[in-house]
Protein chains: 2
Amino acid sequence: MRRHILDSALRLFAEHGFKGTSLNDIAVEAGCSKASLLYHFAGKDAILTELLTSPAEGLSALSQELAVLDGDQAVEAAVAGYVGLAMRFHLEVKIIFAELPDMLGHPVLAVIPEAVGELADALAGRSEEPRARVTAQMVIGGVAVTVASEVDVARDTMRTELVRGALRTLGHPTS
Amino acid sequence: MRRHILDSALRLFAEHGFKGTSLNDIAVEAGCSKASLLYHFAGKDAILTELLTSPAEGLSALSQELAVLDGDQAVEAAVAGYVGLAMRFHLEVKIIFAELPDMLGHPVLAVIPEAVGELADALAGRSEEPRARVTAQMVIGGVAVTVASEVDVARDTMRTELVRGALRTLGHPTS
DNA sequence: GTCAGGGCTGACCGATCGGTCAGCTACGGT
DNA sequence: ACCGTAGCTGACCGATCGGTCAGCCCTGAC
């Protein structure tokens, strides 16, 4: 039942946003009462927290892996890792990108800015040039939006083209 | 005063989202009463509508320009036009991307899906291949997110690098 | 002086929000 | 047979939401 609630909440949050989804909406979708939600979870924020913990941990882990890499290795690992993470958590990505500014108060998401900073740093190949920073941001946003939008292509095609497209954006020679 | 209200609303909508901003918030920011807002505007939706009319028209105009182009001309015009539009309306872009799913009901934004479709078609060089469609979506998202995020670079640097990055993403030979 | 009307406001409204609480049901342990 | 408890619910709460309304203030026309 907890799992059922989380699934319903994930779908609704991704579709209408966190603030755009009421506890009643989730209860109806999950087929239970609003009071039942608050028996299983401390509150609306707790539901969001539980949904976003896993992707946040994944991002945090990726940033740690990237921290010890440099140059081409860092770029390739960053692209592959980020694309994989974004595809695995595409609904969560949609939630985060839609209402990021307000959510950074949540302790679970506190790690995101630094992790994304490390990701951008790796994507930029440790370069401080404005050109590289803009390009890195383009990759981060492009992958996220593409994954969140429902483009009608096979998953492996999507993954392959996201990686290739990101490497092209970064001006990284494709093997 | 109307202008002042619109400026305040634009800033707040971009920062906290449409649903995340109350009429009271706007009134405080604008330095007037909530009732005064509703004297100048028919309602909260009317404020949003007025804010998004101009970028919607710009996007619509761009899509009409693109419709008569093909091949490389279409790609280059699409990239330049979209980057220019996104930079000019970067706050509005942030609003739209944050809560797009719910907003498409508004008549003002009804033109957006088709216009974006045309834009994606031009960016893809009129190709139907999944590869080109994914790439086009990456450009649309990458430019929007980058423009909406506050990357600390000069405006002309940003514009140049966005165009160059987009063309690289599309695999378009740079002149 | 006075009157009309645009700009603006405080007080108020119904609806909906997130959250609380007492109590119901079903069931496993003893 | 009895009880404790986990799962769940309807009824209710205060806060806040978008929106309404009667009326105040100020200014320009006459």
Side-chain angles (χ1 to χ4, degrees), chain A residues 1-53 91-92 94-96 98-109, chain B residues 1-53 91-92 94-96 98-109:
Chain A
M1 186 55 176
R2 263 182 71 94
R3 204 68 237 171
H4 195 191
I5 292 176
L6 285 174
D7 289 346
S8 303
L10 177 59
R11 219 176 7 243
L12 290 173
F13 286 164
E15 190 171 348
H16 303 112
F18 177 68
K19 285 189 289 283
T21 304
S22 73
L23 291 179
N24 222 336
D25 295 335
I26 303 175
V28 170
E29 177 88 1
C32 67
S33 75
K34 187 178 64 168
S36 181
L37 303 185
L38 296 156
Y39 168 77
H40 288 289
F41 301 93
K44 197 185 177 188
D45 283 3
I47 300 179
L48 180 69
T49 295
E50 191 145 330
L51 285 175
L52 298 187
T53 293
L91 287 180
E92 290 87 347
K94 200 168 179 180
I95 298 175
I96 294 176
E99 317 193 22
L100 228 184
D102 295 330
M103 295 192 174
L104 295 184
H106 290 257
V108 203
L109 301 185
Chain B
M1 185 55 174
R2 264 182 70 94
R3 204 69 237 170
H4 195 191
I5 292 175
L6 285 174
D7 289 346
S8 304
L10 177 59
R11 220 176 7 242
L12 290 172
F13 286 165
E15 190 171 349
H16 303 112
F18 177 69
K19 285 188 289 279
T21 304
S22 73
L23 291 180
N24 223 334
D25 295 335
I26 303 174
V28 170
E29 177 89 0
C32 69
S33 75
K34 187 177 66 171
S36 181
L37 302 185
L38 296 157
Y39 167 78
H40 289 289
F41 300 93
K44 197 184 178 187
D45 284 3
I47 300 179
L48 181 69
T49 296
E50 192 145 328
L51 285 175
L52 297 187
T53 293
L91 287 179
E92 291 86 346
K94 201 169 179 180
I95 299 174
I96 294 176
E99 318 193 22
L100 230 182
D102 295 329
M103 296 193 173
L104 296 183
H106 290 256
V108 203
L109 302 185

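Note that the coordinates shown come from a computational prediction; the quantities given were computed from them, not determined experimentally. Just so it is clear, the values below take in all heavy atoms, side chains as well, and ignore hydrogens, waters and symmetry mates. Residue numbering restarts at 1 for every chain, and letters A, B, ... go by the order of the sequence lines.
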Report summary line: Separation of dG18(C) atom C1' from D25(A) atom CG, nearest Å, is 13 Å
Query raised in the report: To the nearest angstrom, how far is F41(A) atom CZ from dG18(C) atom C1'?
Result: 16 Å
Query - Contact pattern, 5' to 3', of nucleotides 20-25 of chain C - B, S or - by protein heavy atom under 4.0 Å - result: BB----
Query - Length of the CG-P vector between L37(B) and dG18(D), whole Å - result: 10 Å
Query raised in the report: For the residue pair L51(A) and E92(A), what are the closest heavy atoms and their distance?
Result: O-CG, 3.8 Å
Report summary line: Separation between CG (L91(A)) and CD1 (I96(A)), nearest 0.5 Å, reads 11.0 Å
**Report entry** Gap between atoms NZ and P, on K44(B) and dG19(D) respectively (whole Å)
**Finding:** 8 Å
Query raised in the report: Which atom names give the shortest non-hydrogen contact between A42(B) and A46(B), and what distance separates them?
Result: N-CB, 3.8 Å
Distance-only donor-acceptor hits, side chain of residues 19-27 of chain A, under 3.5 Å, sequence neighbours excluded:
unit_1, atom_1, unit_2, atom_2, d
K19(A), NZ, E99(A), OE1, 3.0
K19(A), NZ, D102(A), OD2, 2.8
T21(A), OG1, L12(A), O, 3.2
T21(A), OG1, G17(A), O, 2.8
S22(A), OG, N24(A), N, 3.4
S22(A), OG, D25(A), N, 3.1
S22(A), OG, D25(A), OD1, 3.4
S22(A), OG, D25(A), OD2, 3.2
D25(A), OD2, S22(A), N, 3.0

Report task. Measure from CG on L23(A) to P on dA15(C) and round the result to the nearest Å. Result -> 20 Å
Query raised in the report: In Å and rounded to the nearest 0.5 Å, what is the CD1 to CG distance from I47(B) to L52(B)?
Result: 11.5 Å
Scan nucleotides 5-7 of chain D against the protein and return all N/O pairs shorter than 3.5 Å with their distances rounded to 0.1 Å.
unit_1, atom_1, unit_2, atom_2, d
dG7(D), OP2, Y39(A), OH, 2.8

Query raised in the report: D45(B) has an atom CG; how far is it from atom C1' of dG19(D), in whole Å?
Result: 12 Å
**Report entry** Pairs flagged by ring pair (Phe, Tyr, Trp, His ring centres under 6.0 Å) wherever residues 12-38 of chain A is involved - sequence neighbours left out
**Finding:** F13(A)-F18(A)
Report summary line: Contact check, residues 2-17 of chain A vs DNA chain D, heavy-atom distance under 4.0 Å, returns none
Check: residues 3-10 of chain A side-chain donor-acceptor pairs under 3.5 Å, at least two apart:
unit_1, atom_1, unit_2, atom_2, d
S8(A), OG, H4(A), O, 3.0

Query raised in the report: Between S33(B) and dC8(C), does any side-chain N or O lie under 4.0 Å from OP1 or OP2?
Result: no
Report summary line: Rounded to whole Å, CZ of F18(A) lies from P of dG18(C) at a distance of 8 Å
Query raised in the report: Which side chain to side chain donor-acceptor pair (under 3.5 Å) pairs, counting each pair once, include a residue from residues 26-45 of chain A, with sequence neighbours left out?
Result: R11(A)-E29(A)
